[in-house]
Engineer: 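Before anything else, here's the structure in question.
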Amino acid sequence: MPEPIVEIAHSEEFSASHRLHDPALSDEENRALYGLCNNPNGHGHNYELEVFVRGPVPASGMVMNLTDLMRLMREELLPRLDHKHLNHDVPFLEGIIPTAENIALAIWKELEEPIASFGEARLSRIRLRESRGNWVEVQAGPSTPTA
Ligand code: NI
């Protein structure tokens, strides 16, 4: 029997605005591709960010202290995203078209090392909900070392 894998998760919300627009395309092509999300002055979302961490269950009984994960998200990450315009205000999103996929990938890069610094647990999944019905997930790939 394969060993069960244990994941813990913490979720936080943030509000941000964005505009989906590819400068390599014409205005008409952008409107056709991104529709309402190409609105010139942007639009907002209440995002829900869920961060999953995977690892062995040590003597403490905790894959990672959820308080540490919560603090990392609340104190280090969210102040850089909450009530920001994702096209203009966030250095780690610079030059990126802020689709949910791209935002989640960029958040992955921001959180991967800080999470690993706490011990053996590793970032395993990020789920970013842009609305109740729409979300994206980024998962550790086969070459990503997970505990
Ligand atoms: Ni949008």
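In listed order, ligands and their atoms are each counted from 1.
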Engineer: State whether a side-chain donor-acceptor pair under 3.5 Å links H18 with H85.
Structural biologist: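 No, no side-chain donor-acceptor contact under 3.5 Å.
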Engineer: Tell me, with the steps shown, if R80 and E110 meet salt bridge (charged side-chain N to carboxylate O under 4.0 Å, His left out).
Structural biologist: CA-CA 11 Å; R80 296 189 278 159; E110 292 300 305; 3.1 Å; yes
Engineer: Which residues pass the ring-ring contact (aromatic ring centres under 6.0 Å, His included) test with Y34, not counting sequence neighbours?
Structural biologist: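 ring-ring contact (aromatic ring centres under 6.0 Å, His included) list for Y34, sorted by chain: empty.
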Engineer: Going from CG on L66 to CE on M73, what distance comes out if it is rounded to the nearest 0.5 angstrom?
Structural biologist: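 Reported value, rounded in 0.5 Å steps: 10.5 Å.
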Engineer: So does E50 pair up with R125, basic N to acidic O under 4.0 Å?
Structural biologist: no
Engineer: Only one of H21, H43, R31 forms a side chain to side chain donor-acceptor pair (under 3.5 Å) with N38, so which one is it?
Structural biologist: H21
Engineer: List-wise, which protein N, O or S atoms are found short of 2.8 Å from the Ni ion (ligand 1)?
Structural biologist: H18 NE2, H43 NE2, H45 NE2
